[in-house]
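Working notes, structure below.
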Amino acid sequence: FRKHTCDLNTSTFSSSTTIKMETPESRVVQYYTKANVDYTLRNYLVFKVIGSILDNRFFKVIREEQSIAYHSGCGMSLDICEEAGKGLLTLSPSNPLKPEYAIRANQMMDSIMQSAIDKGFKQDELDNVRSYMIKNHIETLRQNGTWLAYMNKLYDYNIDFINDFDNVIN
């Protein structure tokens, strides 16, 4: 269905197209935030580990075991906000899926987050993520963009991702 409108009095023109979706998609997204977090390498890496483990759990349960989402994961960011040296932590699990699964996926997301809060993480989850982060860090050091980003972090926030990474991750 295509609709065109033209208003000569206000010199406006609009056009819209409506197409029935062959595969309708909804997206369930949750946001968990914590403000005034010290922006340090240690906090960044700790939150990165948490986000990675949650990402793995969401994918395993919602995508692989339940098969109700096209993809499932959890993003993590620690961004500088108003106060110098303070950050805003955001964890954002997200699931694109068929609309009829939205409520079920939201309930599963709540359950996975509550389990993480109540029970924490298993040692093998921590070890796997830590191992991946070390490998990824070594590989990204071969890229110019990584060096530029790390130099900016050092200059702007006095955080040394290059020299302090090994001490903090271990």
Side-chain angles (χ1 to χ4, degrees), residues 21-83 85-143 145-146 149-150 152-153 157 159-162 164-170:
M21 294 177 69
E22 295 298 323
T23 308
E25 180 180 300
S26 292
R27 185 169 293 265
V28 178
V29 180
Q30 296 179 347
Y31 289 96
Y32 299 89
T33 61
K34 177 156 178 49
N36 295 319
V37 175
D38 288 335
Y39 194 80
T40 65
L41 179 58
R42 182 184 185 287
N43 282 347
Y44 176 84
L45 293 175
V46 166
F47 296 134
K48 189 80 169 165
V49 167
I50 291 169
S52 296
I53 292 172
L54 289 171
D55 185 71
N56 293 338
R57 286 184 179 184
F58 282 111
F59 187 82
K60 180 181 178 194
V61 172
I62 296 172
R63 172 68 180 116
E64 290 183 344
E65 292 175 3
Q66 298 297 313
S67 298
I68 64 170
Y70 303 123
H71 175 73
S72 186
C74 183
M76 185 289 303
S77 66
L78 179 59
D79 301 308
I80 290 292
C81 54
E82 299 138 24
E83 282 186 56
K86 296 293 181 178
L88 174 68
L89 167 68
T90 304
L91 289 170
S92 53
S94 174
N95 298 285
L97 42 78
K98 291 181 179 177
E100 60 267 24
Y101 295 131
I103 293 172
R104 189 167 151 210
N106 199 46
Q107 292 167 340
M108 282 188 224
M109 292 164 71
D110 288 342
S111 175
I112 292 167
M113 289 300 288
Q114 194 59 52
S115 174
I117 292 166
D118 294 343
K119 299 176 185 173
F121 303 114
K122 298 175 186 169
Q123 189 62 46
D124 66 321
E125 290 177 307
L126 294 166
D127 292 341
N128 289 340
V129 167
R130 185 179 155 276
S131 174
Y132 171 79
M133 288 174 67
I134 291 169
K135 178 183 172 190
N136 190 55
H137 177 72
I138 292 166
E139 289 175 9
T140 59
L141 286 177
R142 297 183 186 132
Q143 301 169 5
T146 299
Y150 287 173
N152 285 335
K153 297 279 189 205
Y157 310 113
I159 297 174
D160 191 341
F161 275 80
I162 296 168
D164 295 341
F165 181 87
D166 291 336
N167 293 333
V168 174
I169 198 72
N170 291 319

Go through the steps for Asp110 and Gln114 under the test side chain to side chain donor-acceptor pair (under 3.5 Å), then give the verdict.
CA-CA 6 Å; Asp110 288 342; Gln114 194 59 52; over 6 Å; no
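- Nearest heavy-atom pair, Phe59 versus His71, reported as atom, atom and distance to 0.1 Å: CE1-ND1, 3.9 Å.
- For the atom pair CD of Gln30 and SG of Cys74, the computed distance is 9.0 Å after rounding to the nearest 0.5 Å.
- Checking side-chain atoms of Ser52 against main-chain N and O of Lys48 turns up a donor-acceptor pair under 3.5 Å.
- Nearest heavy atom pair, residue His137 against residue Phe165, reads CD2-CD2, 3.3 Å.
- The shortest side-chain heavy-atom distance between Val129 and Phe121 does not fall under the 4.5 Å cut-off.
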Check step by step if side-chain contact (heavy atoms from CB on, under 4.5 Å) holds for Glu65 and Lys60.
CA-CA 6 Å; Glu65 292 175 3; Lys60 180 181 178 194; 3.2 Å; yes
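- From Asn136, atom CG reaches atom CG of Leu141 across 9.5 Å, with rounding to the nearest 0.5 Å.
- In this structure, Asn170 contributes its side chain and Asp166 its backbone to a donor-acceptor pair below 3.5 Å.
- Ala102 and Val28 get closest at one heavy-atom pair: O-CG2, 3.7 Å.
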Go through the steps to decide whether Ile112 and Ile62 satisfy the test side-chain contact (heavy atoms from CB on, under 4.5 Å), and finish with yes or no.
CA-CA 10 Å; Ile112 292 167; Ile62 296 172; 4.2 Å; yes
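- Rounding to the nearest 0.5 Å places OH of Tyr32 at 13.5 Å from CD1 of Ile50.
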Could you please spell out the steps behind the side-chain contact (heavy atoms from CB on, under 4.5 Å) verdict for Val49 and Met133?
CA-CA 8 Å; Val49 167; Met133 288 174 67; 3.5 Å; yes
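- Separating the CG atom in Asn167 from the CG atom in Asp164 is a distance of 6.5 Å, to the nearest 0.5 Å.
- A search for side chain to side chain donor-acceptor pair (under 3.5 Å) contacts involving Ser77 returns Asp79, not counting sequence neighbours.
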Go through it in stages, so that I can follow the logic: the residues are Ile53 and Lys122, the test is side-chain contact (heavy atoms from CB on, under 4.5 Å), and I'd like the CA-CA distance, side-chain angles, deciding distance and then a yes or no.
CA-CA 10 Å; Ile53 292 172; Lys122 298 175 186 169; over 6 Å; no
Residues 87-101, side-chain donor-acceptor partners within the protein, below 3.5 Å, at least two apart:
{"residue": "Ser94", "atom": "OG", "partner": "Arg27", "partner atom": "NH1", "Å": "3.2"}
{"residue": "Asn95", "atom": "OD1", "partner": "Ser72", "partner atom": "OG", "Å": "2.3"}

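- Residues passing the salt bridge (charged side-chain N to carboxylate O under 4.0 Å, His left out) test with Arg104: none are found, sequence neighbours excluded.
- Among residues two or more places apart in sequence or in another chain, the side chain to side chain donor-acceptor pair (under 3.5 Å) test is passed with Asp160 by Asn163.
- Under the ring pair (Phe, Tyr, Trp, His ring centres under 6.0 Å) criterion, Tyr44 pairs with Phe161, not counting sequence neighbours.
- The local environment of OH in Tyr132 is sparse, with at most 12 non-hydrogen atoms from other residues, nucleotides or ligands closer than 6.0 Å.
- Counting only residues at least two apart or on different chains, the salt bridge (Lys or Arg N to Asp or Glu O under 4.0 Å) pairs with a member in residues 124-135 are Arg57-Glu125.
- Taken to the nearest 0.5 Å, the CG atom of Leu41 stands 14.5 Å off from the OH atom of Tyr157.
- When each of Leu78, Ile159, Val168 is paired with Asn43, the side chain to side chain contact (heavy atoms under 4.5 Å, CB included) condition holds for Leu78 and for no other.
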